[in-house]
Amino acid sequence: MINEAGARLGAEAAQHLARTGLFRFEAGLTEAEFARIEGEYGFEFADDHRAFLAAGLPVNTPPEEGQTWTKPWPEWRGTTRISYAHQWRSQ
């Protein structure tokens with residue numbers, strides 16, 4: 001059963017972050033994408049995190065001068081487990 005308060009909090013957080021204009025967002029993850037990711041990595045997203053990623057998926061853009069991370073967001077779409085692990089080791 002989905003925790004309504006958690007889902008609402010996650011959706012509101014995504015909307016707030018999108019309004020800052022600091023990050024680019026794509027369409028949120030679909031249920032099929034959640035199922036693939038959770039199956040591949042062996043975990044289940046919490047309700048608030050699931051709602052956040054369903055409301056809009058933050059994506060990496062080329063870093064601006066002064067940014068310390070070149071890829072602050074996990075690349076949930078089109079990334080294999082090996083390249084995902086490499087993404088975090090290279091930071």
Side-chain angles (χ1 to χ4, degrees):
M1 175 180 245
I2 294 178
N3 176 309
E4 295 296 325
R8 185 177 58 253
L9 180 64
E12 289 172 1
Q15 292 167 1
H16 176 72
L17 188 61
R19 282 193 302 268
T20 69
L22 298 173
F23 303 99
R24 189 170 68 87
F25 281 78
E26 292 181 350
L29 292 176
T30 65
E31 284 303 316
E33 289 173 315
F34 279 116
R36 178 191 59 78
I37 294 163
E38 291 173 338
E40 184 175 335
Y41 292 96
F43 71 89
E44 187 174 312
F45 285 102
D47 293 336
D48 57 344
H49 197 182
R50 177 180 284 271
F52 177 86
L53 295 174
L57 183 66
V59 294
N60 294 310
T61 56
E64 294 182 13
E65 186 176 332
Q67 285 183 318
T68 57
W69 281 37
T70 58
K71 294 185 177 184
W73 303 108
E75 295 179 5
W76 294 118
R77 288 193 174 118
T79 302
T80 65
R81 186 178 186 115
I82 293 170
S83 64
Y84 177 71
H86 175 73
Q87 172 186 343
W88 291 101
R89 280 195 305 270
S90 66
Q91 292 299 318

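In what follows, residues are counted from 1 in the order of the sequence shown. Quick caveat, the model's predicted, so the values are computed rather than measured.
- Glu44 is linked by a side-chain hydrogen bond (donor to acceptor under 3.5 Å, both in side chains) to nothing, counting only residues two or more places apart in sequence or in another chain.
- Judged as a ring-ring contact (aromatic ring centres under 6.0 Å, His included), and not counting sequence neighbours, the contacts of Phe23 are Trp73.
- With sequence neighbours left out, Ala5 forms a side-chain contact (heavy atoms from CB on, under 4.5 Å) with Asn3, Arg8.
- Glu38 meets the side-chain hydrogen bond (donor to acceptor under 3.5 Å, both in side chains) test with Arg50; sequence neighbours excluded.
- Applying the ring-ring contact (aromatic ring centres under 6.0 Å, His included) rule to Phe45 yields the partners Phe34, Phe43, His49, Trp76; only residues at least two apart in sequence or on another chain are considered.
- Minimum interatomic distance between Leu57 and Ala27 (heavy atoms only, all atoms of both residues): CB-O, 3.7 Å.
- Applying the salt bridge (Lys or Arg N to Asp or Glu O under 4.0 Å) criterion to Glu33, with sequence neighbours excluded, gives Arg77.
- Minimum interatomic distance between Arg24 and Asn60 (heavy atoms only, all atoms of both residues): NH2-O, 4.2 Å.
- Here the side chains of Leu17 and Leu22 are not in contact, with every heavy-atom distance at 4.5 Å or above.
- A distance of 15.0 Å separates CG of Asp47 from CZ of Phe52, quoted to the nearest 0.5 Å.
- Expressed to the nearest 0.5 Å, how far CG of Leu53 lies from CD1 of Ile37 amounts to 7.5 Å.
- Across all their heavy atoms, Ala11 and Ala51 have their closest contact at N-CB, 3.8 Å.
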